[in-house]
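One is the number of the first residue; the rest follow in order along the sequence. Everything quoted here is computed from the prediction, not taken from an experiment.
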Amino acid sequence: MATSLSFPRFLRVGPGALDDLGAVLTDLDVRRPLVVTDGFLVSTGAAGRMMDLVAAAGTDGALFSDTVPDPTTESLTAAVEAAVAHDADVVIGFGGGSPMDTAKAVSVLVRGGGRMNDYRAPGPYTGPALPIVAVPTTAGSGSEATQFTVITDSATDEKMLCPGLSFLPVAAVVDPDLTVSMPARLSADTGVDALTHAIEAYVSAKNNPIADALALNAMRTIGRYLLRVYRDGEDREARGAMMVAATQAGMAFSNSSVCLVHGMSRPIGGNFHVAHGLSNAMLLPAVTRFSVSGAEARYAECARQLGAAAAADEDSAAAAQLVTYLEQLCADVEVPTPSSHGIDRAEWDRLIPTMAQQALASGSPNNNPVVPTAEQIEDLYREVF
């Protein structure tokens with residue numbers, strides 16, 4: 001059976017790439033961009049620089065800066081209204097995962113209509129949408145190169161995965177200079193997020209040779225540079241490497257899939273408002289330990305790429321070393337447990353059955369090397385707390 005692969009049409013990657021934004025808009029032949037960002041990037045002046053570049057390209061831009069962390073169906077209303085009022089012909093997502101997810105949702109809702117709930121998995125949606133230009137400011141989500149968005153249902157607090165080619169940016173501008181100001185905590189969480197994307201893409205039941213190559217290269221890079229950016233945010237070599245790795249990992253899972261970590265992570269984010277990268281990091285070692293028996297050779301290769309095992313190591317030993325490596329990595333970058341993060345144990349326990357059902361409903365666990373039951377997911381939630 002043939003494998004279907006999809007990537008952004010244009011990629012501008014490297015230090016100073018943001019200066020090429022005008023050329024990208026010209027290539028796309030768009031005239032009325034809506035820049036979707038957040039208040040933090042307005043406060044730093046980065047959004048102002050973006051609007052200057054938009055104006056210098058001869059286009060008539062508008063700014064929407066009221067995105068919220070973990071965007072909701074309710075928070076999308078004002079963004080869609082801004083796009084309609086501006087008669088936007090392209091949406092520029094500028095920021096971390098939340099502005100990206102908002103921009104993708106807006107692009108579809110403006111042209112496709114309806115509610116975000118209409119576009120949730122299994123999908124996928126391939127209908128009308130405004131073109132999306134993605135300009136990430138964090139090295140983690142890979143959203144600039146994926147055909148997914150995640151929006152929380154305001155009524156239920158469920159994080160909805162919304163897939164389909166219409167959510168795939170037509171262009172991405174990947175400039176590591178935009179990440180230099182990221183604090184250590186965010187660098188760690190987004191870095192482990194990118195690593196999770198790479199590992200899950202590689203071990204997924206939907207793996208393929210193209211996604212494999214991207215995932216393995218991303219792992220090699222992350223293994224070398226993640227601790228460096230955590231310890232020294234001004235390390236521009238490491239920043240550049242992590243930015244490329246995050247994009248590669250995003251391309252990998254967009255063309256393969258994610259698995260159980262992501263299936264379990266979204267309910268944590270939706271119910272307890274934990275950032276996506278952090279909730280992935282909380283889960284990664286335990287879920288990997290649960291899953292290794294289903295794809296021992298592939299997990300062993302992950303260990304070798306990360307430098308956790310030698311080429312000559314037997315698969316069983318290498319796979320075990322991967323789990324140890326991930327536990328140590330999360331300790332080194334001080335990933336909290338749900339408990340140490342301040343989540344109430346009673347509320348966590350109360351919601352475990354609901355979170356397990358939400359995880360299964362997302363479809364991601366079905367791609368896992370070991371497909372879990374609801375009871376096994378519940379046990380994993382108890383284990384990581």
Side-chain angles (χ1 to χ4, degrees), residues 3-7 70 97 100-101 104 120-124 140-152 158-165 167-168 189-208 210-216 218-219 222 245-270 274-292 294-295 298-299 302 322 326 355-356 358-372 377 380 384:
T3 299
S4 177
L5 300 165
S6 301
F7 301 95
D70 298 319
M100 295 288 185
D101 282 341
K104 291 181 173 187
R120 64 185 301 169
S141 75
S143 187
E144 66 273 9
T146 74
Q147 50 188 308
F148 306 103
T149 193
V150 178
I151 302 295
T152 298
E158 179 183 357
K159 278 196 171 186
M160 300 181 295
L161 175 66
C162 303
L165 284 176
F167 295 106
L168 178 67
D189 295 345
T190 55
V192 178
D193 189 23
L195 178 58
T196 305
H197 294 155
I199 291 174
E200 292 210 308
Y202 188 68
V203 303
S204 163
K206 296 180 179 178
N207 67 75
N208 62 76
I210 303 299
D212 284 355
L214 290 162
L216 291 171
M219 283 182 238
I222 293 167
T247 299
Q248 290 175 323
M251 289 178 170
F253 87 79
S254 184
N255 288 284
S256 176
S257 66
V258 287
C259 304
L260 181 56
V261 173
H262 277 75
M264 292 180 63
S265 172
R266 294 186 202 100
I268 294 175
V274 176
H276 172 71
L278 178 55
S279 57
N280 276 344
M282 290 174 171
L283 291 161
L284 182 58
V287 172
T288 301
R289 185 186 305 106
F290 169 82
S291 306
V292 288
R298 283 193 165 253
Y299 280 112
C302 294
L322 174 64
L326 294 176
M355 292 196 295
Q358 290 174 341
L360 287 171
S362 74
S364 299
N366 290 332
N367 304 318
N368 205 59
V370 176
V371 178
I377 294 176
L380 283 167
V384 300

Colleague: With sequence neighbours left out, write down each residue that passes ring-ring contact (aromatic ring centres under 6.0 Å, His included) with Tyr299, or none if nothing qualifies.
Modeller: none
Colleague: My understanding is that only residues two or more places apart in sequence, or in another chain, count here; which of them pass side-chain contact (heavy atoms from CB on, under 4.5 Å) with Ala201?
Modeller: Ala215, Ala252, Phe253, Ser256
Colleague: Excluding sequence neighbours, so at least two apart, what forms side chain to side chain donor-acceptor pair (under 3.5 Å) with Ser279?
Modeller: Ser265
Colleague: Which residues pass the side-chain contact (heavy atoms from CB on, under 4.5 Å) test with Ser6, not counting sequence neighbours?
Modeller: Gln147, Leu165, Leu168, Asn255
Colleague: Can you pull out every salt bridge (Lys or Arg N to Asp or Glu O under 4.0 Å) where at least one residue sits in residues 276-290? Sequence neighbours excluded, please.
Modeller: Arg289-Glu327, Arg289-Glu383
Colleague: Determine the interplanar angle of the His276 and His197 rings, folded into 0 to 90°, and report it as parallel if under 30°, tilted if 30 to 60°, perpendicular if over 60°.
Modeller: parallel
Colleague: Quick one, Ile377 and Leu260 - any side-chain contact, counting heavy atoms below 4.5 Å?
Modeller: yes
Colleague: Can you name the residues that form a side-chain contact (heavy atoms from CB on, under 4.5 Å) with Ala281, not counting sequence neighbours?
Modeller: Val192, Val335
Colleague: Test of understanding: with side-chain contact (heavy atoms from CB on, under 4.5 Å), list the residues that count as partners of Asn367, not counting sequence neighbours.
Modeller: Ser204, Lys206, Ser257, Cys259
Colleague: Checking Ser291 now: which residues fulfil side chain to side chain donor-acceptor pair (under 3.5 Å) with it, not counting sequence neighbours?
Modeller: Asn368
Colleague: Who passes side chain to side chain donor-acceptor pair (under 3.5 Å) against Thr146, sequence neighbours left out?
Modeller: Lys104
Colleague: In chain order, what residues pass the side chain to side chain donor-acceptor pair (under 3.5 Å) check against Ser141, with sequence neighbours excluded?
Modeller: none
Colleague: Considering residues at least two apart in sequence or located in another chain, which fulfil the salt bridge (Lys or Arg N to Asp or Glu O under 4.0 Å) criterion with Asp189?
Modeller: Arg185
